[in-house]
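Below is one structure, written out as structure tokens, with a few remarks after it.
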Amino acid sequence: MNVLWLQSAGCGGCTMSLLCAEAPNVFDTLGDGGVSFLWHPSFSEATGAEVLALLGALESGEIPLDALCFEGSVATGPRGSGRYHMLAGSGRAMLDWVRALAPRARHVVAVGTCAAYGGVTAAGGNPTGAMGLQWDGRQKGGVLEGGFVSRAGLPVINVAGCPTHPGWVTETLLMLADGTLGAQDLDGYGRPRFYADHLVHHGCSKNEYYEYKASARALCEIGCMMEHLGCVGTQAVGDCNTRPWNGQGSCTSGNYPCIACTAPEFEEPGHAFTQTPTIAGIPVGLPSDMPKAWFMALASLSKAATPKRIDVNAHSDRVRLAPAPRGRR
């Protein structure tokens, strides 16, 4: 399966994350699965006229395109022209290239939340008119029509994340190459379900504190960050804590709250990322995998039963009270 990878309004962080794939690395992983790059702006040697010739051949159909991967949002301004981002040397806006190449591709993959929904580049007043390939935030219909399907009959596959986990990208491409990713394998926002059917909360290293609602009050403390510090891991999709970066890293294990970067419009939650909005002291956003009434009842019971060890450690920057040796109470 050949892949054309283009980048537009973004930071390049998804490519940087992809390069962190290990055991094996991204090139061995994809190569062994029959996936090769026609061109990637960071990986490939070709530039200038050679790349423009390739793009022309793909647009005309002279060279078949198996997968178009797009990183970063698409700038549609000013006034819908897309001329805020011109593809160097081509005289054409990246917006035009996307609309010309997407119908030619057997599969279209939005790599990262910017490409999927607009992401950080669509925040603020969005003066560039940045939006995703098939979604504009939570609204279907980005630079491609809401009903767009690729030659394989699939909508844009949104490998959302800011940045994406390298495993999400490689697994998606390998499944496409193997013909094992269909419409039933995508959730309502077009995200592959192999990671979108998980919650970030699953496998979180702070779950012991969560179970007792032993909450951190500052980022330096190691307790659960849901109640006071804005963590939405109980609502956000992703297998970040069961498939950590580099075998060990995730936002919550690094003592920073989950900000739901796989979700559309995560970039503007309406409050500081490290603050939990509440009504009468109760968090507005409660876990999505259990009834709210159950959560409130269990939270009260849990807090009342919090062991001293859990309470002390939750409000410290390190473990101060270790578990009692086996056989001792």
Side-chain angles (χ1 to χ4, degrees), residues 8-11 13-14 69-77 80 82 95 98-99 102 108-150 154-165 168-169 172 183-201 226 230-240 251 257-273 275-277 279 283-289 292:
S8 190
C11 65
C14 290
C69 287
F70 199 86
E71 178 182 359
S73 63
V74 184
T76 64
L95 173 64
V98 169
R99 288 174 171 167
V108 179
V109 181
V111 182
T113 300
C114 288
Y117 314 119
V120 171
T121 48
N126 196 7
T128 64
M131 62 178 67
L133 292 183
Q134 197 168 14
W135 293 77
D136 183 9
R138 296 184 182 276
Q139 302 300 313
K140 204 164 188 181
V143 299
L144 303 175
E145 294 180 358
F148 168 86
V149 292
S150 65
L154 293 176
V156 174
I157 299 163
N158 292 322
V159 188
C162 190
T164 54
H165 189 292
W168 301 346
V169 179
T172 297
Q184 73 280 1
D185 301 308
L186 304 176
D187 76 355
Y189 284 116
R191 299 170 294 202
R193 293 181 61 185
F194 67 77
Y195 80 87
D197 279 355
H198 297 264
L199 290 175
V200 173
H201 171 61
M226 173 191 167
C231 184
V232 291
T234 57
Q235 305 154 58
V237 307
D239 58 3
C240 312
C251 293
C258 170
I259 59 175
C261 73
T262 57
E265 300 180 5
F266 87 94
E267 66 278 1
E268 292 191 294
H271 56 83
F273 284 129
Q275 292 178 0
T276 299
I279 296 177
V284 173
L286 293 177
S288 59
D289 59 349
K292 292 184 179 181

Side-chain contact, heavy-atom cut-off 4.5 Å: [X] with [Y]?
X    : Y    : result
C251 : I259 : no
R191 : V237 : yes
V98  : F70  : yes
I157 : T172 : yes
M226 : P287 : yes

So which atom in [X] and which in [Y] form the shortest heavy-atom distance, rounded to 0.1 Å?
X    : Y    : value
L154 : A183 : CD2-N, 3.3 Å
C14  : G112 : SG-CA, 3.6 Å
C162 : T113 : N-OG1, 4.1 Å
G13  : E71  : N-OE2, 3.7 Å
V200 : C240 : CG2-SG, 4.1 Å
Q134 : V156 : OE1-N, 2.8 Å

Answer yes or no: is there a donor N or O on one side and an acceptor on the other, between the side chain of [X] and the main chain of [Y], under 3.5 Å?
X    : Y    : value
T164 : V159 : no
S73  : C114 : no
R138 : P264 : yes

In Å, rounded to the nearest 0.5 Å, how long is the span from [atom1] of [X] to [atom2] of [Y]?
X    : Y    : atom1 : atom2 : value
D187 : Y195 : CG    : OH    : 8.0 Å
H201 : C258 : NE2   : SG    : 11.5 Å
R99  : E145 : CZ    : CD    : 9.0 Å
D136 : M131 : CG    : CE    : 4.5 Å

### Message
Test of understanding: with side-chain hydrogen bond (donor to acceptor under 3.5 Å, both in side chains), list the residues that count as partners of D239, not counting sequence neighbours.
### Response
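For D239 the side-chain hydrogen bond (donor to acceptor under 3.5 Å, both in side chains) partners, ignoring immediate neighbours, are W168, R243.
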### Query
What pairs meet the side-chain hydrogen bond (donor to acceptor under 3.5 Å, both in side chains) rule with one or both residues in residues 260-272, with sequence neighbours excluded?
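Qualifying pairs: none.
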### Message
For W135 and Y117, take the angle between the two ring planes, folded into 0 to 90°, and tell me which bin it lands in: parallel under 30, tilted 30 to 60, perpendicular over 60.
### Response
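Rings of W135 and Y117: perpendicular, over 60°.
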